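All remarks here apply to the structure that follows.
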Amino acid sequence: MSHDPGMPSTAGPRARTIGQPSARAEARRFATGTGAYVDDLPVHRLLHAAFLRSPVAHGTIVKLDLAPALRMDGVVAAWDGETLAAHCQPVRGVLAHLPAMQAALQWPLARGRVRWVGEPVAIVVAESRAIAEDAAQSIAFEWADLPPLVDPRAALEADAPRLHPELDSNLMFTATVATANVDQAFARAATVVELALRSERVTAMSLEPRGLLAQWDAAQRRLTVRMGTQVPWMMQAVFANVLGLDCDQVRVVAADTGGSFGSKIHCYGDESAVAVAAMLVGRPLRYVVDRLEAFVSDVHARGHEAIVRAAADADGRLTAFEVDDLCGAGPFSIYPRGSVNESRHVLGLTGACYRATEYRARIRVALQNKAIYGQYRGVGHPLACLFTEAAVDAVARRLGVDPLAFRRRNLVPDDAYPHRAPSGARFERLSLCACLDELARLMDYDRLRSDQRAPSVGREPGVYRGIGLAVFVENSNHSSSNYGRGGAPIASRDGATARLTQGGGIHCAIGLTDSGQGVTTAMAQIAADAIGVPLADVRVFMGDTEHTPVSGGNWGSRGTGISGEALWQAGLALRAQLLEAAAALHACSPEALDLVDGVVQRRDDASSLCTLKALAEAIYFRPERFPPGFRPEPAAQRHYAQTEYDGIYTNGASASWVEVDTRTGFVKVLGHWIVDDCGTVINPLLLDEQLRGAAVQGIGQALFEGCLYGTQGELRNATLADYLVPMAAEMPDIHVGHVATPTATSALGAKGGAEAGVTGALASVVNAINDALLPLDAHVLELPVTPERILRAIGALDRR
Amino acid sequence: MKPAPFAYVRAQSVEHALDVLAEHGDDALVLAGGQSLVPMLNLRLVQPAVVLDINALRGLAAIDTDPASGALRIGTLVRHREIASHQTVAARAPLLHDAAPWIAHPAVRHRGTLGGSLALADPAAEWPACAVALDATIRLASRDGGERSVPASAFFQGLYQSERRADELLVGCDFAPPGDDAVFSFRELARRHGDYAAVGLALSARGRPGAWTAMRVVFFGVGDTPVQASACAAALIAGVDFPEAQARLEGELDPRPDLWFSAQAKRHLAVHLLREAWRDLGNPMAGE
């Protein structure tokens, strides 16, 4: 496969590894089983934790007797919510800039009431995990049932019982936006469509579950936590808050992390309890969530229902969008990010890619007795895209216009930036039309259309094919507008350090983490080009609050764009410092020198002056060789924050080609395409695989995944046998293309690419299925689109 | 996710295994391939006092022919993958050969066993339905009762319940030689490759299109046990039109819904599988 990432001028002639599909140096460790995940870390005097979790969705704690557990051999300690509370602080997951947001205080372990199946109720610390689990099972726990509030609609009824007595309702958050003439636009429209969409809750299900190893150093009064995390610096502040320590008393180290997808950026009660317990027992304490616990304790996401309307005029131009969205977000708002961000994306981005100027939106987030709720790759962007693109297809269908042509007619043109959407969202510079054109070329749209309409050659009768398109935006490179302003301890300014080692190599330190996506290699590429050294000479150290600069962490497609820019700047600075040192050493002007592939050269004739190894030797071992008074500086540190926009939006388009067997309702995805614009591409190999992996998660949500709750708030499919994650055999080839529109807000020009793959996938799969069902005059707007739902939509089950 | 404490016994001989079962009865669970038992232990769905590991009993891992009856005799410890690839099985019990690739994934097929699957009596599994469709004979042994045989159609009693007594070890399964005119069809619908069936069908028949003399139509994933559609089979043998047979099937099938499929949908899919299987047997379908 060839790549044309369209390198921007910023890296210019210096781009040697940026833009190259470099293999991941760090992958060898993982592929050979020599990675070190939390569960692999060797520790002396280690203790293990296990939790008793609530088996009911809503109840009053009547009895909680830890004595049977404490009597067991090998059990060191146990706490319930009341006894642990004396040693820690609760958290409240509200963002200060959203006055309409309310949430209750949350303690690490339930106090008084349990509010979801899986809520941690007691922690047991023992000499082995097996003993801890036996002991947790022995705890005498009795409760009095309370009526579970499962349906968010019911939770918002005026007479619904309040989930938290201290809150005045079960409404966690609501917001509205309306343009001045939206009613007129709908009233005057030649065509109005209205769709009711629903999407089941899903959960990220990373290969490695959450886990942490907490050690309290009583002599230094310092806590060290090694964990699978995306956000070591945020967790430093979180643990400090929960434990009542100063930030600087807490060190958080990101261990190797086997997938995260937004599930490892939160303050979880069980993790807080482990940190508290580690302090109290004074021995290292490890806890790794097992798969059953992951299902009921990791954040869930994407459980929304919405009414979406779109209006078009007589010329087939979209004039207005409207969305009314309801989300059930569990009993607490997850600290510190809150559980309302998905809904806010829906509000900000529905219809935002199109020229329609009128808009109304209402979002409501309800408290309910289901698992805690938060961020999952793409957060609300895939929903906004689904709502928009399903409606756009419906209008095109109503008008009898080809969906590709209809989008071309209605998208915000590529020369209209910066652009402000009717919702207020600001886009620096997008390439919606270019991406759609490239998508049509890549997938050979016209050929697929003729294939679809051809007599069913080689196809069983009853098997229909469909094409689905989706155009999307995805935020990246966030400013402080949400978390910083909201009071969440999440940095938006990242630092990077680059230094010359005594061996002549380059050592970089950044606060970012790598969850397996390969960002370590992308960072090394940035440093290599900025400084002018071979990729192999760069080592990147990440994710340790003791040894790296501050970072907001790796989420929201911000790693490459923010930390990468800091490292680019640090690298340029180091390069200048090294050239000054070389110039001083060789009595020439730094302007006359260049650093290429680790060798200081004379610019005029490209002759070699010295290697970095020789320079390092002089700097560190032979200071006397420099002119008197010259102090070489072999390290540089730079910081970067994006402050011009709330975020730098990326954009793209995706397409799905599906086959629906209307005899069974089974869907086969035959092909999937993504064209993404994330600005400067650092490593197309890693980027393409990120896009593919994200697309798989989107296809999975469209077709397979869903947290199925019963009427009593019990999660009915909390195993990997029953919760259907997408598997390789069901996945199509995923074809990737790029358009490059570098952001002008950084020198590197990189935007994020981690989430774009999922953002369009929901919509393109759903649109493709409904395109296939068009001859049957049927559609499904409920995710996952199961065989049952398709059979019902086409009336196949009516007769019986 | 650790199992509750249990004693582990590795059987040294069949006699040793039967002694342990005689002593512990319901408190002992047999570990064969462990592909269901080990997850059930870790989920604490079962908390036996004793886990009896029979993997050392190589005599129970053979595929051979019973010299007296000519039956294909498959030992309880024979792994799914061996059934899938065994030449004799392919020739003598093609239904098993066709069904084996539908069992889970390669890793599971390399460890999971025929006997373990039959003894577990999971109604969504492939082997119980195949055993019923092929009128197989399940052999059970106990210290005090010796060996006895139970027809597969009588063996499966309910959800994870079978005729096996707590002191008995399922030692193997015999498949009588198929007649010269025997034909088979295996069909399954699963959301993802390797998942338990939403609905599956194991069908065996004798005769030829228009002149069927015997037929077993066995669905799985639709009830508490493999479900024989006897009225439907009788109608097909009698030579009724397919829609009539379909109506019989719809009348006698009362599927248990699962997480993803209602009873209605399962019935609909069962009819679809029957139609596919009917075509597999070479029967002409109206309109084709």
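Keep in mind that this is a model prediction, so the values were computed, not measured. To find a chain, count down the sequence lines: A is the first, B the second, and so on, and within it residues start at 1.
- For chain A, the nearby part of B:Leu269 is the side chain; its heavy atoms alone come within less than 4.5 Å.
- The two atoms that bring A:Pro787 and B:Phe261 nearest to each other are CB-CE2, 3.7 Å, heavy atoms only.
- Atom OG1 of A:Thr719 is separated from atom CG of B:Leu43 by 7.5 Å, given to the nearest 0.5 angstrom.
- In this structure, chain A has a heavy atom under 4.5 Å from the backbone of B:Ala190, while its side chain stays farther away.
- A pairwise comparison of heavy atoms in B:Arg192 and A:Ala721 identifies NH2-O, 4.3 Å as the closest pair.
- Summarising the local packing, CG of B:Asp26 is surrounded by 12 or fewer heavy atoms from other residues, nucleotides or ligands at distances under 6.0 Å.
- Contact annotation for A:Leu724: both backbone and side-chain heavy atoms come within less than 4.5 Å of a heavy atom of chain B.
- A salt bridge links A:Asp134 with B:Arg44; the closest basic N to acidic carboxylate O contact falls under 4.0 Å.
- Ion pair B:Arg279/A:Glu460 flagged as a salt bridge, since at least one NZ, NE, NH1 or NH2 atom sits closer than 4.0 Å to an Asp/Glu carboxylate oxygen.
- Atom CG of A:Asp40 has more than 12 neighbouring heavy atoms from other residues, nucleotides or ligands inside a 6.0 Å radius.
- Chain B forms the most heavy-atom pairs under 4.5 Å with one residue out of A:Asn717, A:Val667, A:Leu292, and that residue is A:Leu292.
- Summarising the geometry of B:Arg191 relative to A:Leu703, their closest heavy-atom pair is NH2-O, 2.6 Å, with the distance given to 0.1 Å.
- With a 4.5 angstrom heavy-atom cutoff, A:Val725 touches chain B via backbone and side-chain atoms both.
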### Message
side-chain contact (heavy atoms from CB on, under 4.5 Å) for B:Met1 and A:Arg291? Distances and angles first, verdict last.
### Response
CA-CA 8 Å; B:Met1 204 184 285; A:Arg291 191 59 69 181; 3.8 Å; yes
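- Considering every non-hydrogen atom in both A:Leu708 and B:Leu259, the closest pair reads CD1-O, 3.7 Å.
- Of all non-hydrogen atoms in B:Lys2 and A:Ala130, the two that sit nearest each other are CG-CA, 3.9 Å.
- In this structure, the portion of A:Gln137 lying under 4.5 Å from any heavy atom of chain B is its side chain and not its backbone.
- Taking A:Ala132, A:Ala729, A:Gly665 one by one and counting their heavy-atom pairs under 4.5 Å with chain B, the maximum is reached by A:Ala729.
- One finds the NZ atom of B:Lys266 at 13.5 Å from the CG atom of A:Leu797 (value rounded to the nearest 0.5 Å).
- Counting non-hydrogen atoms of neighbouring residues, nucleotides and ligands closer than 6.0 angstrom, the NE2 atom of B:His105 exceeds 12 such neighbours.
- Residue contact with chain A, scored on non-hydrogen atoms closer than 4.5 Å, involves the side chain of B:His272 exclusively.
- Looking at A:Leu720, only its backbone comes within 4.5 Å of chain B, counting heavy atoms on both sides.
- Looking only at distances, no side-chain donor or acceptor of B:Trp260 sits under 3.5 Å from a matching main-chain atom of A:Phe704.
- Counting non-hydrogen atoms of other residues, nucleotides and ligands closer than 6.0 Å to CG of A:Leu207 gives a total of 12 or fewer.
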### Task
With side-chain contact (heavy atoms from CB on, under 4.5 Å) as the test, would you mind laying out the steps for B:Arg275 and A:Arg663 before giving the verdict?
CA-CA 11 Å; B:Arg275 189 180 290 116; A:Arg663 301 166 306 174; 5.9 Å; no
